Asks: 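Submitted below is the structure of interest, expressed as structure tokens.
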Amino acid sequence: MINKDRFLEIAISKFTRFGCKRFTLDDLAHEMGISKKTIYENFDTKETIVNDSLDFLLKKIELEIIAITTKKGANPILSIIEIYRIGFLYVKSISPTYINGLRKYYPKSNTLYSDFKLRFTHTYIKGLLVKAQKNNLIKATIDIDLTCDLYFGNLENLSLIASNLYEKYTVDEILEHLIITYLRGIVTEEYLKENDLLTP
């Protein structure tokens, strides 16, 4: 018997670092100090482990996002920055090999990941942008749906270049150039005068 949460936490940390195809169940068993037989007593296939470990990670991230978006009285603009800061820290630990492996070998897990990306952009980020616009923090001329599709909807591709990007720049530098600079362009002048976008 194994602690499934602990097992999935270790599995996802290894898969995202080395790739889910390259990091084998033998490697995982060795890492956990258990036999491969013990793994198969708890999981039917490696595909199940890949899927369940990804689901474990995405639920953890989603709980953090929900905590930010539901914080009473929170500034929606600063909430977006905080969410992306957390997101970039996670993305930093995900190798392009892992994302490519999901696309090529694990379609169920890839769908799980794609669904999360859509929810991230079109539920959480869009919800905060709509709230900000209703509160006159974002210019009335900004089309929120178009903004999500053109800009925020494409940021997940950052994970495909993350390994190189994070060697050159800090999370805060990436956040400043990709998120904060863009938000400065769509918030109202009144908002900019009264708020510092660098301190969520």
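Note that this is a predicted model, so its numbers are computed, not measured.
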Asks: Given side chains that start at C-beta, do those of Asn75 and Leu137 come closer than 4.5 Å, heavy atoms only?
Replies: yes
Asks: Are the side chains of Ile144 and Gln133 in touch, meaning some heavy atoms are under 4.5 Å apart?
Replies: yes
Asks: Does a side-chain N-to-carboxylate-O contact under 4.0 Å join Glu31 and Lys14?
Replies: yes
Asks: Examine the side chains of Asn135 and Tyr191 and answer whether a donor and an acceptor come within less than 3.5 Å of each other.
Replies: no
Asks: Identify which one of Tyr182, Phe120, Tyr124, Tyr90 satisfies the ring pair (Phe, Tyr, Trp, His ring centres under 6.0 Å) criterion when paired with Tyr84.
Replies: Phe120
Asks: Can you tell me if Thr121 uses its side chain to pair, donor with acceptor, with the backbone of Leu118 under 3.5 Å?
Replies: no
Asks: Are any non-hydrogen side-chain atoms of Phe116 and Ile61 less than 4.5 angstrom apart?
Replies: yes
Asks: Kindly say whether Asp26 contributes a backbone atom to a donor-acceptor pair with the side chain of His30 at under 3.5 angstrom?
Replies: no
Asks: Does Tyr105 reach the side chain of Asn110, with side-chain heavy atoms less than 4.5 Å apart?
Replies: no
Asks: Just by modelled atom types, is the Asp52 backbone N or O under 3.5 Å from a matching donor or acceptor in the Asp55 side chain?
Replies: no
Asks: Any side-chain to backbone donor/acceptor pair from Lys21 onto Asn100? Under 3.5 Å, distance only.
Replies: no
Asks: Take Ile68 and Ile65 through the side-chain contact (heavy atoms from CB on, under 4.5 Å) test and state the conclusion after the steps.
Replies: CA-CA 5 Å; Ile68 292 168; Ile65 293 170; 5.8 Å; no
Asks: Pairing donors with acceptors under 3.5 angstrom, does anything connect the side chains of Thr45 and Thr48?
Replies: yes
Asks: Evaluate the side-chain proximity of Ile49 to Asn42: yes if any heavy-atom separation is below 4.5 Å, no if none is.
Replies: no
Asks: Do Arg85 and Glu82 sit within salt-bridge range, that is, some charged N less than 4.0 Å from a carboxylate O?
Replies: no
Asks: May I ask you to decide if the ring planes of Phe23 and Phe15 are parallel, tilted or perpendicular, using 30° and 60° as cut-offs?
Replies: perpendicular
Asks: Looking at Lys139, is its backbone amide N or carbonyl O close enough to the side chain of Thr188 to form a donor-acceptor pair, meaning the two atoms are under 3.5 Å apart?
Replies: no
